[in-house]
Visitor: 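The following block contains the structure, expressed as structure tokens.
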Protein chains: 2
Amino acid sequence: MGNTTCTCEYCQLKNIFFAHVKSDELTNICDLKVERSYSKGESIIQEGDPITEFVYMKKGLVKLSKASIDGKDQIISFSKPFDFVSLLSVFSSTQYKYSVTAIEQTTVCILQLDVVRKYAEENALFAMDMMSNISQMTDKIILDNLEIKRKHLKGRIAHVLLYFSDYIYKKDEFELPISRREIAEYIGMTTENVIRTLSEFRKDEIIKIFGKNILISDKKRLKSISEFG
Amino acid sequence: MGNTTCTCEYCQLKNIFFAHVKSDELTNICDLKVERSYSKGESIIQEGDPITEFVYMKKGLVKLSKASIDGKDQIISFSKPFDFVSLLSVFSSTQYKYSVTAIEQTTVCILQLDVVRKYAEENALFAMDMMSNISQMTDKIILDNLEIKRKHLKGRIAHVLLYFSDYIYKKDEFELPISRREIAEYIGMTTENVIRTLSEFRKDEIIKIFGKNILISDKKRLKSISEFG
DNA sequence: AACCTTCTATGATAATTATCAGAGAGTAAT
DNA sequence: ATTACTCTCTGATAATTATCATAGAAGGTT
């Protein structure tokens with residue numbers, strides 16, 4: 001984990017989070033902001049941590065997960081640049097109810113929560129922007145989980161592959177940022193069956209597998225499996 | 001569906017939604033507000049409807065559901081008094097992505113969305129309260145769905161029974177507001193297996209069933225099934 | 001290098017869940 | 001009263017998914 005600084009003036013995030021924050025205020029925010037980097041596997045937020053910061057993604061990819069009673073982890077969702085990662089609980093609880101872990105080299109920007117609160121209370125348009133952002137993210141999580149829920153094993157695996165291919169990497173060939181076990185934790189199936197299904201897709205020449213590298217060679221079929229299988 | 005009016009001054013909702021709205025403004029809001037009643041089964045919001053109103057629960061119980069490609073409905077969650085029902089999408093989309101239907105005699109309060117927006121933009125504390133409310137609700141939906149996901153059929157049914165018993169009705173004996181099929185749509189299982197499992201619980205003397213009326217006679221066991229079964 | 005752990009992989013078997021079929025009860029409409 | 005629903009219920013069987021066992025590959029540590 002390392003800290004660096006940057007000038008927010010030229011950051012893409014500005015237009016998303018701080019569109020309604022005046023230029024001089026932004027400079028102020030910029031001074032108060034901390035940037036942190038995490039390498040793959042590092043923990044960014046631990047379930048139970050007090051919520052004192054407002055964290056958003058600048059670069060990389062993270063997973064949001066929660067430990068269940070029986071010790072197993074469940075993955076809630078993934079977050080990419082311009083997403084909040086402290087979106088759940090941040091305005092409704094004092095402690096995180098889930099963990100955030102880097103699954104790729106990741107950089108986040110951090111503001112103290114009371115600073116964000118102060119700006120939100122003074123600048124309602126900023127508060128509205130934030131609300132809209134949080135709303136969009138939680139919508140996505142809820143509707144994505146609903147999609148997964150209605151599918152069978154094969155459809156769920158297809159869904160995950162398409163998620164990374166179309167939504168995250170926008171390429172047909174990519175390196176899976178998570179293990180087979182983590183896919184299982186995301187879709188609510190066993191690791192063995194995830195592996196088995198991927199092998200099956202390989203045998204059926206829908207995908208090619210080189211370790212963690214996946215090449216989707218028949219996307220049409222994969223989409224059809226995702227929708228109806 | 002019927003319209004009535006009430007004085008907001010004495011409404012319990014005031015303390016939840018409008019804690020930071022001044023008394024004279026509240027009178028103003030009260031005048032702009034419409035109250036609507038729906039009987040069991042009536043549709044309150046239809047998937048695809050344009051979002052022009054801000055709807056919150058005053059009395060009763062509703063289900064939030066979404067039709068999937070194959071025509072089947074999936075139930076996302078239930079909302080009870082003091083919940084927003086237009087919580088998803090309301091600040092992030094122009095159209096509803098889910099339907100809301102009364103599953104009990106229900107009364108909702110309705111404000112035009114632009115009125116709410118106006119107040120939120122003028123009164124940041126009100127905006128923050130709203131954000132906190134929406135956040136709490138979406139948190140609950142996400143975490144509840146996660147709980148259901150990690151459980152097997154029996155655990156899921158136990159979970160649903162405890163949800164209505166402990167969270168909605170706060171009684172061990174209650175009338176199930178939804179059909180077996182709707183339970184299936186909520187937990188992602190088939191209607192037959194929902195019925196079968198309820199019968200099993202009855203045979204094991206965990207619950208008593210009189211049509212839609214349920215009496216939980218061994219809550220300890222039901223809780224254990226919910227957690228580990 | 002030797003050791004340990006996790007990950008990927010596959011097969012056999014057991015458990016869980018879905019599907020199909022049939023039937024009675026309740027409800028609403030004509 | 002009859003028809004046409006949907007809902008509840010049960011059994012038999014098929015399909016899906018989990019569990020258990022085993023093993024090689026990969027990565028990290030001492």
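Within every chain, numbering begins at 1; the chains are lettered A, B, ... in the order of the sequence lines, protein sequences first and strands thereafter.
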Visitor: With sequence neighbours left out, write down each residue that passes ring pair (Phe, Tyr, Trp, His ring centres under 6.0 Å) with B:Tyr96, or none if nothing qualifies.
Guide: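 Expected list: B:Tyr98.
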Visitor: Give each protein N/O atom lying under 3.5 Å from an N/O atom of nucleotides 24-26 of chain C, with the pair distance.
Guide:
none

Visitor: Name every donor-acceptor pair, under 3.5 Å, that has one atom in a side chain of residues 201-216 of chain B and the other anywhere in the protein, sequence neighbours excluded.
Guide:
none

Visitor: Distance-only criterion, 3.5 Å: show the donor-acceptor pairs between side-chain atoms of residues 87-95 of chain A and protein atoms not counting sequence neighbours.
Guide:
residue, atom, partner, partner atom, Å
A:Ser89, OG, B:Asp139, OD2, 3.4
A:Ser92, OG, B:Ser135, OG, 3.4
A:Ser92, OG, B:Asp139, OD2, 3.2
A:Ser93, OG, A:Gln95, N, 3.2
A:Ser93, OG, A:Gln95, O, 3.1
A:Gln95, NE2, A:Gly48, O, 3.2

Visitor: Name every residue in residues 192-212 of chain B that has at least one heavy atom under 4.0 Å from any atom of DNA chain C, in order of residue number, or write none if there are no such residues.
Guide: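 Residues of residues 192-212 of chain B that come under 4.0 Å of DNA chain C are, in numerical order, B:Glu192, B:Asn193, B:Arg196.
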Visitor: Go nucleotide by nucleotide along DNA chain D from the 5' end; which of B:Ile178 and A:Met189 gets its closest nucleotide reached first?
Guide: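 That would be B:Ile178.
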Visitor: Just to verify, what does B:Asp83 make a side chain to side chain donor-acceptor pair (under 3.5 Å) with, not counting sequence neighbours?
Guide: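 B:Asp83: no side chain to side chain donor-acceptor pair (under 3.5 Å) contacts found.
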Visitor: Identify, with sequence neighbours excluded, every residue that meets side chain to side chain contact (heavy atoms under 4.5 Å, CB included) alongside A:Phe164.
Guide: A:Leu61, A:Phe78, A:Val160, A:Ile168, A:Tyr169, A:Phe174, A:Leu176, A:Pro177, A:Ile178
Visitor: Could I get the full list of ring pair (Phe, Tyr, Trp, His ring centres under 6.0 Å) partners for B:Phe82, not counting sequence neighbours?
Guide: none
Visitor: Sequence neighbours excluded, which residues qualify as side chain to side chain donor-acceptor pair (under 3.5 Å) partners of A:Ser65?
Guide: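 Expected list: none.
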Visitor: Measuring from B:Thr190:OG1 to B:Ile183:CD1, what's the distance to the nearest 0.5 Å?
Guide: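 Here the rounded value is 12.0 Å.
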Visitor: Tell me every residue that passes side chain to side chain donor-acceptor pair (under 3.5 Å) with B:Arg196, counting only those two or more places apart in sequence or in another chain.
Guide: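 Once residues adjacent in sequence are excluded, the partners of B:Arg196 under the side chain to side chain donor-acceptor pair (under 3.5 Å) criterion are B:Asn193.
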Visitor: Can you pull the contact range of chain B along DNA chain D, 5' to 3', using atoms under 4.0 angstrom from its heavy atoms?
Guide: D:dC7 to D:dA12
Visitor: Does B:Glu173 have any side chain to side chain donor-acceptor pair (under 3.5 Å) partners at least two apart in sequence or in another chain, and if so, which?
Guide: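 So B:Glu173 forms no side chain to side chain donor-acceptor pair (under 3.5 Å) with any residue.
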